[in-house]
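To start, the structure itself, in structure tokens.
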Amino acid sequence: MKTGIVVGKVWATKRLSELPGGALLEIAVEEEDEMDERMIAFDPLGAGVGERVLVTQGSVAKAWFKESNNVVDALVIGILDEQAQRKTKKS
């Protein structure tokens with residue numbers, strides 16, 4: 001699994017019947033060394049631009065679909081909340 005930031009939506013001229021309701025999103029993958037990797041992931045959850053998401057790939061993404069002839073290799077499986085910064089008081 002990878003985390004990333006939604007940077008945009010992908011639009012197609014034709015809808016594939018294999019895909020249920022959802023959107024294709026462009027994700028900037030968060031890596032410790034670099035932020036240059038981008039991927040297209042199917043999003044059934046409704047994430048918006050600027051949100052951090054959790055993305056799975058391969059057989060885990062494929063298993064989410066009931067039909068075995070799906071065309072998705074990357075799937076958004078979570079929208080990550082930003083952690084609230086905790087302030088501690090010095091006594």
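Just so it is clear, the structure is predicted and the values come from calculations on it, not from any experiment.
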Applying side chain to side chain donor-acceptor pair (under 3.5 Å), which residue pairs with at least one partner in residues 1-13 are found, sequence neighbours left out?
Lys2-Glu37, Thr3-Glu30
Working to the nearest 0.5 Å, report the span between CD of Gln57 and CG of Asp73.
6.0 Å
For a 4.5 angstrom cut-off between non-hydrogen side-chain atoms, does Phe65 reach Val72?
yes
Please give me the minimum heavy-atom distance between Val10 and Ile40, naming the atom from each residue.
CG2-CD1, 3.4 Å
Is the backbone N or O of Gly22 less than 3.5 Å from a side-chain atom of Asp43, with the two atoms forming a donor-acceptor pair by type?
no
Distance in Å, Met1 CE paired with Leu75 CG, rounded so as to fall on 0.5 Å steps:
11.5 Å
How close do Ala74 and Val55 get, counting heavy atoms only, and between which atoms?
CB-CG1, 4.1 Å
When you group the ILVMFWY residues by side-chain heavy-atom contacts below 4.5 Å and let the links chain together, are Val60 and Ile77 in the same group?
no
What distance do Lys62 atom NZ and Thr56 atom OG1 have between them, rounded to the nearest 0.5 Å?
14.0 Å
Are Leu45 and Val7 connected into the same hydrophobic cluster when the rule is that any two of I, L, V, M, F, W, Y join if their side-chain heavy atoms are below 4.5 Å apart?
no
Quick one: are Ile27 and Val53 in side-chain contact, heavy atoms under 4.5 Å?
yes
Which heavy atom of Ala47 sits nearest a heavy atom of Val6, and at what distance?
CB-CG2, 4.2 Å
List for me each residue that meets side chain to side chain donor-acceptor pair (under 3.5 Å) alongside Glu26, sequence neighbours excluded, and say none if there are none.
Arg38
Correct closest heavy-atom pair for Pro20 and Trp64 would be CG-CZ3, 4.1 Å
